[in-house]
Structure formats: structure tokens, C-alpha cells
Colleague: 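Submitted below is the structure of interest, expressed as C-alpha cells.
Chain naming here is simple, since letters A, B, ... match the order of the sequence lines and numbering starts at 1 in each.
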2 protein chains.
Amino acid sequence: MEGKNDKDFIATLRDHGLQVTYQRLAIYQALYFTKDHPSAETIYQQVKKRFPMISLGTVYKTLEKFYEVELIQKVSPVTEVARYDAKMGSHHHLVCLDCQSIQDADGMVGEQRIAIPENHGFQVVRQQVVLQGYCPACKPGNS
Amino acid sequence: MEGKNDKDFIATLRDHGLQVTYQRLAIYQALYFTKDHPSAETIYQQVKKRFPMISLGTVYKTLEKFYEVELIQKVSPVTEVARYDAKMGSHHHLVCLDCQSIQDADGMVGEQRIAIPENHGFQVVRQQVVLQGYCPACKPGNS
DNA sequence: ATTCTTGCAAACGGTTTGCACATAC
DNA sequence: GTATGTGCAAACCGTTTGCAAGAAT
């Protein structure tokens, strides 16, 4: 499953419609080769070791771009600002990528805990399922 | 399922170990009686109609307190700053409430889409499952 | 040659913090 | 009476933005 070389990474970027720069290559590789889920700042520190002249702003712009073209995931946050909910039982949330509205997902709600088989001693307190997409009002096709 | 009066809300706050103030009551009720998932600012605007002297800072402190005692949920963000992941297939994340480390959940990963039966025309693009809790290093009991 | 990207620095905005006063218990 | 919460304003800090110079195609 390993053994990706620079050429592979370049191809990956191109496949996602991106121009290739050494900054993008370095940023993507830094993220690809770690199991942590680093922040922009952390990636910046990492990449700076190889390319001391890179700027933090570029890292932000690049990560956002990667996210747009679905090359990487953004684990959190899902909305720009914090959003709250008085309903406590675990239930799913539908978050509109466009207008950022949030609604509860009907059906299949309830207390159905996601089974979590032995995760190296991680003790789960809460769970949260977020489905991102487009609400009826923002669905592509609505001009 | 409805018909909660002030006395019930007061009891709810007390049950969660909170001192009762009219600000807390108003904030909790504002959140309780909406299906939206409002931001602190939105709640502030709402509550200000009844109590024009309330401050935004109080709303922030109060919501954070509510969240701490598990009276309300914070839908997003789950971490203080944005965190990224190069692994694209939908998989679950374990987020430590203490040190904010993130690891992938083993097992049950894969492409198992969460079934989403008819949600009023919401079109799902991505899904994300976040399990919050304590990583082995931060588990209560470790001094 | 043209378009897209980078680097830098300033601006932005949501959230947090400090402190004096007020309120809950 | 004491601990806790509130209001206000300033500070904080992660992120975004504007623009001139540089690189990719």
C-alpha cells in the first residue's frame, strides 16, 4: 500500500485539477505521511523544515483548495462558528455546505450507539454524526 | 412532549449543578424552543429581546458552561482549530476532549454509508462521524 | 503570454479574558 | 457572608484577504 513517489503525488494533484507547485506537493505529502490530523500551523512547521521560505498563508490557501477539490478531509470545524443544540440524545445533523443551516436527521435517530470495537483504550463520551451536503433551498440546480 | 414551564427549566438547571439566573434560564429556553441550531450571536439577539441588558460575553460563558455539564450539545466545531486528514474514505475519528489529539477509529471503518432515509430533500455529499472522549494518555485516573 | 499561485502583512471576526459590581444561595 | 455569575471592553488568535512579484502551463 506504500511506495508512492513524487511522480505519483504529482499525478494525484493533476487528477484533481490542480496546478502543481512544490509547495502543494510538500503540503500534501506532509499530510499524507502522518497519522496525526494536523492543523494548518502544524503542517506549516513541518513543511518549513524543507522549504523555509514557505508562508503560513499559503498553507491555509492550499489546504482550503485541497478540501474544495476533495483531495483531503477537514475533520473539524464543519461550520464557521460554533452551533448549539438543546436536544441531547445522540442524533445526526445535516449541515448545508452552502448556507450553513443545520437540521436534525429524521429516522434512524435514537440512541443507536456506534459500536466501537477496541480502540486502543480510547474512552468514548459523546458521539456525533454530521452529514454534509445541500439543503433543499441550496441544492445545485436552484439558480 | 411539550408544556415545560419555568419551574421545570429551573429544575433542569439545578439538576445539572448550575446556579439559576434569569440569564441562564432565558438562554436555555431560547435554545430549547428552536429547531435551528443557533450560534452564540443568534441566541444573544434572541434573548436580548426579552433582556436588553444581557451581554454577548455572558452568552458565550453560559453556553460553554451548559456544554461542560452536558446540558446541551455543541454541533461544531469539535476542535479549537481546523484539522485535516489525507485519508479520504469515510472513517470515524476519535477526538480527545482533553489534549485534542485525533486518531482514526479502527474496525468498522470502510465505506459503510449511514443510511439516510428521505430527509426532506437534503442531498448528502460527505459524512463524518466524530467520537469524543479521552485518549489513553488523558483518561481520568491518569494523574 | 496568460493565468494561477505565492509571500507578506494587515485586517477580520468569533471567542476568551480580566475585573469591578451584582446576584444566588 | 461567600462563592459564583454578569457586563463591559480589551485582548487574543486562527483564518482570510489584497496585492505585487513569481511560477506553471
Colleague: How close or far is atom C1' of D:dT4 from atom CD of B:Glu68, stated in whole angstroms?
Modeller: 14 Å
Colleague: Once hydrogens and angles are ignored, does a donor-acceptor distance under 3.5 Å link the base of D:dG7 to the side chain of B:Lys48?
Modeller: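 Counting by modelled atom types and ignoring angles, no donor-acceptor contact under 3.5 Å is found here.
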Colleague: Ignoring backbone atoms, establish whether A:Thr21 has a side-chain N or O less than 4.0 Å from OP1 or OP2 of C:dT6.
Modeller: yes
Colleague: Return the value, rounded to whole Å, for the distance between atom CZ of A:Phe51 and atom C1' of D:dG22.
Modeller: 16 Å
Colleague: Which of the following nucleotides, D:dT15, C:dT6, D:dG7, is nearest to the side chain of A:Thr58?
Modeller: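 Selected nucleotide (nearest to the side chain): C:dT6.
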Colleague: Choose from D:dG7, D:dT6, D:dT15 the nucleotide whose nearest atom is closest to any side-chain atom of B:Thr62.
Modeller: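 So the side chain of B:Thr62 is nearest to D:dT6.
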Colleague: Select one nucleotide: of C:dT5, C:dT17, C:dT15, the one nearest the side-chain heavy atoms of B:Lys61.
Modeller: C:dT17
Colleague: In whole angstrom, what separates B:Tyr44's OH from C:dT15's C1'?
Modeller: 14 Å
Colleague: What integer distance in Å separates B:Gln100:CD from D:dG14:P?
Modeller: 12 Å
Colleague: So, for B:Thr42 and B:Ser39, which heavy atoms are closest and what is the spacing to 0.1 Å?
Modeller: OG1-OG, 2.9 Å
Colleague: Over how many whole Å does the gap from A:Ile43 atom CD1 to D:dG14 atom C1' extend?
Modeller: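 Roughly 14 Å, once rounded to whole Å.
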Colleague: B:Tyr28 and ring-ring contact (aromatic ring centres under 6.0 Å, His included): which single residue from B:Tyr22, B:Phe9, B:Tyr67, B:Phe33 fits?
Modeller: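 Testing B:Tyr28 for a ring-ring contact (aromatic ring centres under 6.0 Å, His included) against B:Tyr22, B:Phe9, B:Tyr67, B:Phe33 leaves exactly one candidate, B:Phe9.
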Colleague: Could you tell me if the side chain of A:Lys61 sits less than 4.5 Å from the side chain of A:Gln23, heavy atoms only?
Modeller: no
Colleague: At less than 4.0 Å, is any side-chain N or O atom of B:Arg14 found next to OP1 or OP2 of C:dC25? Yes or no.
Modeller: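 So the side-chain polar atoms of B:Arg14 do come within 4.0 Å of the phosphate oxygens OP1 or OP2 of C:dC25, strictly under.
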Colleague: Could you tell me how far apart B:His16 (NE2) and C:dA24 (P) are, to the nearest whole angstrom?
Modeller: 21 Å
Colleague: Taking all atoms of both residues into account, what is the closest heavy-atom pair of A:His91 and A:Asp85, and its distance?
Modeller: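 Closest heavy-atom pair between A:His91 and A:Asp85: NE2-OD2, 2.9 Å.
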Colleague: In terms of the nearest nucleotide of DNA chain D, which residue is placed more toward the 5' end: B:Lys65 or B:Val81?
Modeller: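 The residue closer to the strand's 5' end, by nearest nucleotide, is B:Lys65.
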Colleague: For D:dA23, take OP1 and OP2 only and decide whether either is under 4.0 Å from a side-chain N or O of A:Gln23.
Modeller: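 Answer no for this pair, as no side-chain N or O of A:Gln23 is under 4.0 Å from OP1 or OP2.
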Colleague: Just how far, in rounded Å, is P of C:dT6 from OH of A:Tyr22?
Modeller: 9 Å
Colleague: Between B:Ala82 and B:Leu18, which residue's closest nucleotide on DNA chain D lies nearer the 5′ terminus?
Modeller: B:Leu18
Colleague: Whole Å only: how far is the CG atom of A:Leu56 from the P atom of D:dT17?
Modeller: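 To the nearest whole Å, that distance equals 15 Å.
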Colleague: Using OP1 and OP2 only, check whether a side-chain N or O of B:Tyr60 sits under 4.0 Å from C:dT16.
Modeller: no
Colleague: Considering only C:dG7, C:dT15, C:dT5, which nucleotide approaches the side chain of A:Arg24 most closely?
Modeller: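 So the nucleotide nearest the side chain must be C:dT5.
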Colleague: Name the residue from A:Gln19, A:Arg24, A:His16 that meets the side chain to side chain contact (heavy atoms under 4.5 Å, CB included) definition with A:Lys65.
Modeller: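 Result: among A:Gln19, A:Arg24, A:His16, A:Arg24 is the only option passing the side chain to side chain contact (heavy atoms under 4.5 Å, CB included) with A:Lys65.
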Colleague: With the side chain of A:Gln19 defined as its heavy atoms from C-beta on, choose the nearest nucleotide among C:dT5, D:dG7, D:dC19.
Modeller: C:dT5
